[in-house]
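Data block below; observations after.
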Amino acid sequence: MMKIFDAEQLAKLDQLTLHSQHISSWELMERAAKNALHASLPFLKSKQQNIHVFCGVGNNGGDGLAIAFHLIKHGYNVKVYKVEFSKSASSDFQQNEKRLAEAEILLHTITIANFNEVIIAENDILIDAIFGVGLNRRMPDFVEALVAQFNKSKAFCISIDLPSGLFLNEAIPHGASFVKADVCLTFQLPKLPLLLPENGKYIQQFQIIPIGLAQEAIKNEETQHYFVDADFAKVLYKPRAKFSHKGTYGHALLVGGQVGMLGSILLASKAAIKSGVGKLSVMLPNSGKTNLHTYLPEAMAINHTENNYISFTELTIYDSVGIGVGIGKSAAVVAALAKFLVEANRPILLDADALNIISEHKNLLKSIPKDSILTPHPGELKRLIGGWQNDFEKLTKIKSFVQKYNLIVVAKEAYTCICSAKAFYFNSTGNPGMAKAGSGDVLSGIITSLLAQNYTALNAAILGVFLHGLAGDFALKNESEASLTASDIVDSLGTAFSILTDR
Ligand SMILES: NC(=O)C1=CN([C@@H]2O[C@H](COP(=O)(O)OP(=O)(O)OC[C@H]3O[C@@H](n4cnc5c(N)ncnc54)[C@H](O)[C@@H]3O)[C@@H](O)[C@H]2O)[C@@H](O)CC1
Ligand SMILES: [K+]
């Protein structure tokens, strides 16, 4: 299970690691730098390429100096800069500085007086080790100007630990610059700003670089932020029992579709079946019944009289209910949804138009059963909780919403965030090919299916989001981001599930 920590916690882990492994901070830095160096090598085209390593005077800069030293030892063409934002350098920085001097490697000092003399060419490599997790206020103006120059250049930029300019646990001031890295090599654990869309979208990718921090210390340190990787998902997954039958895996009900919007409920239904539910019933407009039976013979359609819209149906026999995809917002549907909310006596899944109806009739919020899962995309989320100034405020607002109404919110994004009253879980799987109509319907089907199989609501949401993204990633192996469809995601669910059983 990957935890996400703040700067203070990271510093504490550092100390505990030094203590338990009987190593010096310099040795830990050396380990981190060597691992970052190895992760950087695939991005370097040749030993002749110009590599500029920009180092601050803290420990992030110390990492930079150590990386530069080893690159030079490996025969790379490196220019090393000391970005002197302060006269007092950390002791590990100083020790690395001494090593460079002893090896007669020139260190170019950059100050307010000469920062604009740096020349970066298109095919160069930039290594950004100016600030890491220690930045706690806006960077000095000359460093911001230098960073602006990095961002303007076409050089490939590798940030060490955190792109310089980003704060670890709060929003940066409006207009403040930060390094828009092509790749960020972050130590041991993911960092929150890399997972949030507002600035994270400018960081093309990040890689987690293990540096052997004490596992016991990580385990003991509490957090409210988690990163959901395959190990995490495997722990949640419940393998199927040998002596089981369809009743063991529950009976799910999906409610969705209106005339012209039948595809959504069909996709959700197929995703539910492909995610292991014992039985699936579908409430869709009568005019869609034939389509359902043709598309998905495994599903059962509910008998009702409405040809164009869904209507209410008794819920007592179902183990889970998912409502909302493609239902529209007509008065009859609003009334049916209100009844569903009142009659449901266990957590349900609400998506799409169900969320839009709730946003327009906020009085419905208090009828939603405790622990129900809401899966809004950013637009739907805004309608539900109101706007936000920045991503950190968004998380705070989601949390108070979740706590006020006892819900679970799945805020769909590149790193979808599942928020419970106690914690945030950021998903690690998925790709931009999934940003398409139909993809969310598939997610609704998966989560409703897991809910019926007796997963807790929180685990159904976390595991469902993980599997959905993973299936999308497998589907991409035979597709491109442009061509990937929601149906491709459904078709790859089998491969995604097989990862969870692979222990
Ligand atoms: N436990 C870990 O994860 C390890 C961390 N290491 C490195 O250490 C880094 C953290 O080092 P530091 O704590 O020295 O912090 P940084 O190197 O990120 O920042 C340097 C220092 O500058 C000061 N500062 C903050 N904002 C400033 C501003 N706007 N203007 C001027 N000065 C400012 C602070 O005192 C800060 O500690 C990590 O990001 C990582 O690169 C590695 O060496 C290996 C181990
Ligand atoms: K950095």
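First listed ligand is number 1; within each ligand, the first listed atom is number 1. Every value quoted in this text rests on a predicted model; they were computed, and no experiment measured them.
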request  = Could you check Glu144 against Arg138 for salt bridge (Lys or Arg N to Asp or Glu O under 4.0 Å), going step by step and ending with a plain yes or no?
outcome  = CA-CA 9 Å; Glu144 287 219 355; Arg138 195 167 170 163; 2.9 Å; yes
[atom] [closest protein heavy-atom partner, distance rounded to 0.1 Å]:
atom: atom 3 (O) of ligand 1; value: Ile211 CD1, 4.0 Å
atom: atom 10 (C) of ligand 1; value: Val133 CG2, 3.8 Å
atom: atom 6 (N) of ligand 1; value: Asp63 OD2, 3.7 Å
atom: atom 29 (N) of ligand 1; value: Arg138 O, 2.8 Å
atom: atom 38 (C) of ligand 1; value: Asp161 OD2, 3.0 Å
atom: atom 5 (C) of ligand 1; value: Asp14 OD2, 4.2 Å
atom: atom 9 (C) of ligand 1; value: Asn60 N, 3.6 Å
atom: atom 12 (P) of ligand 1; value: Asn59 N, 3.8 Å

Has [X] got more than 12 heavy atoms of other residues, nucleotides or ligands less than 6.0 Å from its [atom1]?
X: Lys362; atom1: NZ; answer: yes
X: Gln21; atom1: CD; answer: yes
X: Gln205; atom1: CD; answer: yes

Pick one of side chain, backbone, both or neither for how [X] approaches ligand 1, counting any non-hydrogen atom pair under 4.0 Å.
X: Gln188; answer: neither
X: Arg137; answer: both
X: Asn136; answer: both

So is there a nitrogen or oxygen of [X] less than 3.5 Å from a nitrogen or oxygen in ligand 1?
X: Gly134; result: yes
X: Gly58; result: no
X: Phe131; result: no

inquiry  = So which atom in Ala7 and which in Asn169 form the shortest heavy-atom distance, rounded to 0.1 Å?
reply    = N-OD1, 3.9 Å
remark   = Minimal heavy-atom distance between Leu450 and Ala460, with the atoms involved, is CD1-O, 3.6 Å
inquiry  = So if I apply the side chain to side chain donor-acceptor pair (under 3.5 Å) rule between Gln224 and each of Lys422, Lys399, Lys3, which one comes out positive?
reply    = Lys399
ask   = Would you say Leu28 touches ligand 1, if touching means a heavy atom closer than 4.0 Å?
value = yes
query = Any heavy atom of Leu13 sitting closer than 4.0 Å to ligand 1?
reply = no
key: Proximal candidate to atom 16 (P) of ligand 1 [heavy atom criterion; set Pro140, Gly64, Ala129, Gly132]   = Gly132
inquiry  = My understanding is that we take every heavy atom of each candidate and find the minimum distance to atom 22 (O) of ligand 1. Doing that for Phe93, Phe167, Phe85, Trp26, which one comes out nearest?
reply    = Phe85
On the 0 to 90° scale, with breaks at 30° and 60°, tag the [X]-[Y] ring pair as parallel, tilted or perpendicular.
X: Phe54; Y: His52; answer: parallel
X: His38; Y: His74; answer: perpendicular
X: Phe156; Y: Phe43; answer: parallel
X: Phe142; Y: Phe115; answer: tilted

ask   = For the atom pair CG (Asn114) and CG (Asn116), what is the distance rounded to the nearest 0.5 Å?
value = 7.5 Å
Gap between atom CH2 of Trp388 and atom CD of Glu393 - 0.5 Å precision = 10.0 Å
With heavy-atom distances below 4.0 Å as the criterion, list the atoms of ligand 1 near [X].
X: Ala32; value: 44 (C)
X: Met139; value: 29 (N)
X: Met29; value: 43 (O)

inquiry  = Between Lys274 and Asp491, does any side-chain N to carboxylate O distance fall below 4.0 Å?
reply    = no
Decide, counting backbone as well as side-chain atoms, whether [X] has an N, O or S atom less than 3.4 Å from the K ion (ligand 2).
X: Pro163; result: no
X: Gly132; result: no
X: Phe131; result: yes
X: Ser159; result: no

query = Considering all protein heavy atoms, does one lie under 4.0 Å from atom 44 (C) of ligand 1?
reply = yes
task = Kindly determine whether Tyr226 and Tyr425 satisfy ring pair (Phe, Tyr, Trp, His ring centres under 6.0 Å), including the steps that lead there.
result = CA-CA 5 Å; Tyr226 296 89; Tyr425 301 84; 5.1 Å; yes
message = Please give the atom name: the N, O or S atom of Asp128 nearest to the K ion (ligand 2).
response = O
inquiry  = Can you check the angle at the K ion (ligand 2) formed by OD1 of Asn60 and OG of Ser164? Round it to the nearest 10°.
reply    = 100°
query = Just one of Phe85, Phe167, Phe178 clears the ring pair (Phe, Tyr, Trp, His ring centres under 6.0 Å) bar with Phe131, so which one?
reply = Phe85
